[in-house]
Undergrad: 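Take a look at the following structure, please.
Proteins get letters first, then strands, A, B, ... in listed order; numbering begins at 1 in each.
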Amino acid sequence: MTLIDQTLQQYIAVALERAQRKGALPAFERPEVIPVERPKYPEQGDYASPVCLQLARLARMAPTKIAEAVAAHLPELPYVEAVTVAPPGYLNFRLRKAWLADQVEAIIAAGESFGTVDLGHGQKVQVEFVSANPTGPLHMGSARNAVLGDALARILEAAGYAVQREYYVNDAGSRMRAFYETLYVRYAQAFGRDESVPEDGYHGPHMVAMGEALAREHGDRFLALPRDEAVEAVGRLGLQRVLDGARDDLEAIGVRYDCWFHESTLYREGTFDRIMQILREGGYLSEHDGAVWFDATRLGGDKDEVIIRSDGSPGYFASDIAYHYDKFVVRGFDRVIDVWGADHQGHVPRMFTMMEALGLDPKRLTLVIYQLVTLKRGGEEVRLSKRTGDMITLREVVEEVGADAMRFFLTARSADSQMDFDLDLAKEQSDENPVYYVQYAHARICSILRYAETLEGDDGDVHLLTHPSELALVRQMLRLPEVVRTAAEGLAPHHLAYYAQELASAFHAFYRDCRVVSSDPADLAVSKARLKLVAACRVVLHKVLDLMGMSAPEVM
RNA sequence: GCCCCAGUAGCUCAGGUGGAUAGAGCAACUGCCUUCUAAGCAGUCGGUCCCGGGUUCGAAUCCUGGCUGGGGUACCA
């Protein structure tokens with residue numbers, strides 16, 4: 001399905017060219033992009049272009065005069081009923097009612113594929129998100145990451161990309177060793193051994209619980225091993241346990257991964273050696289202060305970065321370079337999107353210098369940075385969890401407010417905006433909650449369709465749909481592809497949440513104005529037409545809910 | 001100090017890359033259920049778009065200087 005605004009852009013461009021050729025407009029350089037927008041007020045039509053306002057200076061003519069000239073030279077537009085010129089110089093386009101009605105059947109025919117646009121042309125894109133250190137349960141910060149990342153993945157799929165979802169498991173660094181060490185200590189303590197958690201270890205209560213759990217499940221057999229081996233064995237079990245927990249938590253909010261990529265494989269499979277060779281050959285490495293440095297400043301970076309620490313171990317940035325080499329060169333992704341919390345934004349510049357050092361186009365990498373979430377309850381900030389004595393976990397919040405509410409609220413805010421997530425608002429005020437508002441529209445539709453089963457038959461004539469509320473609903477439904485495009489281009493899923501509410505609102509207004517199933521046999525034809533409209537609306541609502549990873553309940 | 005994000009209605013936030021009259025939800029107030037789901041609908045109230053200056057036909061949007069909040073600025077990740 002072609003996007004109407006894109007078609008209008010082309011038509012206006014043609015009209016400009018024609019008008020100039022015929023002398024209706026003076027010669028001037030035509031703009032590369034013609035702005036086409038959705039006007040605010042219905043009387044202004046379905047689409048509008050302010051392009052003539054911009055051209056006023058170039059053409060040295062009054063904007064309205066330019067608009068009249070353009071309007072006079074527009075090609076025949078199959079689905080446009082009227083083109084009008086409105087002061088101070090807008091071109092307003094109103095869609096033909098019969099064409100709008102036809103779209104009801106087009107949407108039903110498109111089904112699940114309605115709302116998809118071909119922006120990506122099948123390009124391979126990877127969305128890597130969450131990737132929290134596997135040292136404990138996922139907390140609320142990761143929840144925003146998960147919801148954002150998964151929504152991006154869904155949107156990009158709808159926008160024609162071949163998407164892969166990936167979780168990067170940091171199982172190689174010093175943090176992992178601290179985790180292994182701590183877990184072994186807690187395990188040994190469960191048997192009364194005199195061990196103490198290292199200074200840089202994990203002191204939270206969840207480690208105690210995990211140590212005890214491992215002790216229960218596996219007995220004391222690891223205590224007989226040499227300590228190094230025991231730490232390794234217990235640590236591995238703990239890592240698996242944490243990853244299983246993360247997988248479960250993420251699935252609870254509808255997030256599934258295609259790949260769990262372990263950092264350690266970069267060192268096992270020679271990727272790290274390969275990038276070191278490339279960097280050395282490129283002359284990007286230098287040695288001083290006992291460490292090996294990446295000279296990022298030479299590529300415009302803000303500061304140099306340590307690659308190999310003075311103790312001989314590779315730093316986190318070394319892994320990052322090898323990891324992205326693997327993504328682009330080994331696995332061949334055309335484009336990679338990493339979703340990071342604002343607490344990592346300081347590392348953005350070095351990622352681009354890294355791309356250059358590897359000889360890769362930096363434009364292929366996008367870092368989506370989201371601002372941190374503060375959790376509130378009744379206006380009061382909550383920091384600590386009662387259960388873990390630590391950060392509030394993702395699991396706790398899902399259990400309290402539900403997966404749909406969590407996904408909706410976290411999707412509904414722009415990633416740039418530091419947001420408050422109020423638990424009481426998400427849960428207790430469920431009656432007046434936008435989450436249910438949208439889902440309720442879907443349930444209402446299902447209810448109508450159930451009720452109308454007796455007079456089903458797909459011989460409804462959509463051209464009987466002429467009521468303003470019917471056409472307003474169709475207009476809203478037709479916006480979905482544009483919204484998907486906007487969200488995909490801007491990597492901004494929050495547009496979906498706003499659109500979903502507007503679509504639901506248009507449906508509820510239709511429901512108020514137009515009785516679908518009538519008891520009067522004389523209305524049968526209209527009823528059948530409206531049933532088609534309702535069925536089409538269901539398709540669109542279902543799609544937008546799905547893009548947000550939310551369920552579309554049939555009964556509420 | 002320097003870098004990134006934000007500041008829009010009482011609250012939470014939208015305002016695709018400068019355009020028409022500033023938007024939604026919640027909160028407050030008025031009405032509407034004997035017919036398909038009232039978790040709904042219609043309406044009212046509510047604005048110094050943080051504050052200066054600049055750019056131009058035109059600024060919530062762009063530039064600049066401040067102020068406020070958040071996050072960075074490690075041989076942690």
Side-chain angles (χ1 to χ4, degrees), chain A residues 33 35 37-41 44 48 50-51 53-54 56-57 63 86-90 92 131-133 135 170 173-176 178 200 263 289-293 302-303 305-311 313 315-317 319-320 341-349 369-372 374 376 379 409 412-422 425 429-441 443-452 482-483 485-487 489-490 492 494-495 497-498 501-502 504-505 507-509 511-519 527 530-531 534 555-556:
Chain A
V33 281
E37 52 192 40
R38 316 275 318 201
K40 256 176 269 180
Y41 304 91
Q44 293 164 340
V51 68
L53 293 165
Q54 295 170 7
R57 165 168 315 180
Y90 278 93
N92 289 341
S131 302
N133 270 339
T135 55
N170 294 119
S174 60
R175 294 289 76 208
M176 201 71 255
D200 67 341
E263 181 185 7
D289 301 323
V292 178
W293 297 72
D302 49 352
K303 60 183 191 330
E305 306 282 350
V306 167
I307 298 258
I308 310 282
R309 295 188 285 239
S310 50
D311 68 0
S313 66
Y316 182 73
F317 187 45
S319 289
D320 259 353
D343 52 341
H344 286 62
Q345 38 95 344
H347 296 167
V348 171
I369 305 293
Y370 62 91
Q371 300 299 312
L372 271 21
T374 47
K376 295 201 168 173
F409 278 102
R413 303 290 174 248
S414 152
D416 282 339
S417 142
Q418 183 190 336
M419 65 171 287
D420 290 346
F421 187 95
D422 197 311
L425 223 65
Q429 295 187 317
S430 57
D431 292 12
E432 303 295 338
N433 195 315
V435 178
Y436 302 101
Y437 180 80
V438 177
Q439 292 183 321
Y440 182 65
R444 244 185 176 177
I445 286 172
C446 294
S447 170
I448 293 171
L449 294 176
R450 280 192 301 270
Y451 187 84
E482 291 169 28
V483 172
R485 184 190 56 195
T486 303
E489 283 175 346
H494 70 274
H495 290 115
Y498 283 85
Q501 290 178 84
E502 283 162 20
S505 175
F507 173 75
H508 288 309
Y511 182 88
R512 172 202 68 223
D513 291 336
C514 303
R515 172 88 198 170
V516 177
V517 186
S518 172
S519 49
S527 285
R530 286 179 175 166
L531 275 175
V534 168
V555 181
M556 283 179 78

Undergrad: Does A:Ser505 have any side-chain hydrogen bond (donor to acceptor under 3.5 Å, both in side chains) partners at least two apart in sequence or in another chain, and if so, which?
TA: none
Undergrad: How would you list, by chain and number, every residue that makes a ring-ring contact (aromatic ring centres under 6.0 Å, His included) with A:Tyr437, sequence neighbours excluded?
TA: A:His508
Undergrad: Can you name the side-chain hydrogen bond (donor to acceptor under 3.5 Å, both in side chains) partners of A:Asn133, sequence neighbours left out?
TA: none
Undergrad: Under 4.0 Å: is that the gap between some side-chain N or O of A:Tyr437 and OP1 or OP2 of B:C26?
TA: no
Undergrad: Not counting sequence neighbours, which residues clear side-chain hydrogen bond (donor to acceptor under 3.5 Å, both in side chains) with A:Lys303? List them please.
TA: A:Glu305
Undergrad: With sequence neighbours left out, write down each residue that passes side chain to side chain contact (heavy atoms under 4.5 Å, CB included) with A:Ala443, or none if nothing qualifies.
TA: A:Met556
Undergrad: My understanding is that only residues two or more places apart in sequence, or in another chain, count here; which of them pass ring-ring contact (aromatic ring centres under 6.0 Å, His included) with A:Phe317?
TA: A:Phe294
Undergrad: Please list, for nucleotides 1-4 of chain B, all pairs of protein and nucleotide N/O atoms separated by less than 3.5 Å.
TA:
{"residue": "B:C4", "atom": "O2", "partner": "A:Gln345", "partner atom": "NE2", "Å": "3.2"}

Undergrad: A:Arg38: which residues meet the side chain to side chain contact (heavy atoms under 4.5 Å, CB included) condition with it, sequence neighbours left out?
TA: A:Tyr47, A:Arg479, A:Glu482
Undergrad: For A:Asp420, which residues count as a side chain to side chain contact (heavy atoms under 4.5 Å, CB included) partner, sequence neighbours excluded?
TA: A:Thr374, A:Lys376
Undergrad: Please enumerate all residues that pass side chain to side chain contact (heavy atoms under 4.5 Å, CB included) together with A:Ser310, with sequence neighbours excluded.
TA: none
Undergrad: Please tabulate the protein-to-nucleotide N/O contacts below 3.5 Å involving nucleotides 12-16 of chain B, giving atom names and distances.
TA:
{"residue": "B:U12", "atom": "O2'", "partner": "A:Arg413", "partner atom": "NH2", "Å": "3.1"}
{"residue": "B:C13", "atom": "OP1", "partner": "A:Gln418", "partner atom": "O", "Å": "3.2"}
{"residue": "B:C13", "atom": "OP1", "partner": "A:Asp420", "partner atom": "N", "Å": "2.8"}
{"residue": "B:C13", "atom": "O2'", "partner": "A:Arg413", "partner atom": "NH1", "Å": "3.1"}
{"residue": "B:C13", "atom": "O2'", "partner": "A:Tyr498", "partner atom": "OH", "Å": "2.4"}
{"residue": "B:A14", "atom": "OP1", "partner": "A:Ser414", "partner atom": "N", "Å": "2.7"}
{"residue": "B:A14", "atom": "O4'", "partner": "A:Tyr498", "partner atom": "OH", "Å": "3.1"}
{"residue": "B:A14", "atom": "O3'", "partner": "A:His494", "partner atom": "NE2", "Å": "3.2"}
{"residue": "B:G15", "atom": "OP1", "partner": "A:His494", "partner atom": "NE2", "Å": "2.7"}
{"residue": "B:G15", "atom": "OP1", "partner": "A:His495", "partner atom": "NE2", "Å": "3.4"}
{"residue": "B:G16", "atom": "O6", "partner": "A:Val36", "partner atom": "O", "Å": "2.7"}

Undergrad: Could you go over nucleotides 73-76 of chain B and give all protein N or O partners under 3.5 Å, atom names and distances?
TA:
{"residue": "B:C75", "atom": "O2", "partner": "A:Ser310", "partner atom": "N", "Å": "2.5"}
{"residue": "B:C75", "atom": "O2", "partner": "A:Ser310", "partner atom": "OG", "Å": "2.8"}
{"residue": "B:C75", "atom": "N3", "partner": "A:Ser310", "partner atom": "OG", "Å": "3.1"}
{"residue": "B:C75", "atom": "N4", "partner": "A:Asp289", "partner atom": "O", "Å": "2.4"}
{"residue": "B:C76", "atom": "OP2", "partner": "A:Arg309", "partner atom": "NE", "Å": "3.0"}
{"residue": "B:C76", "atom": "OP2", "partner": "A:Arg309", "partner atom": "NH1", "Å": "2.6"}
{"residue": "B:C76", "atom": "O3'", "partner": "A:Arg309", "partner atom": "NH1", "Å": "3.3"}

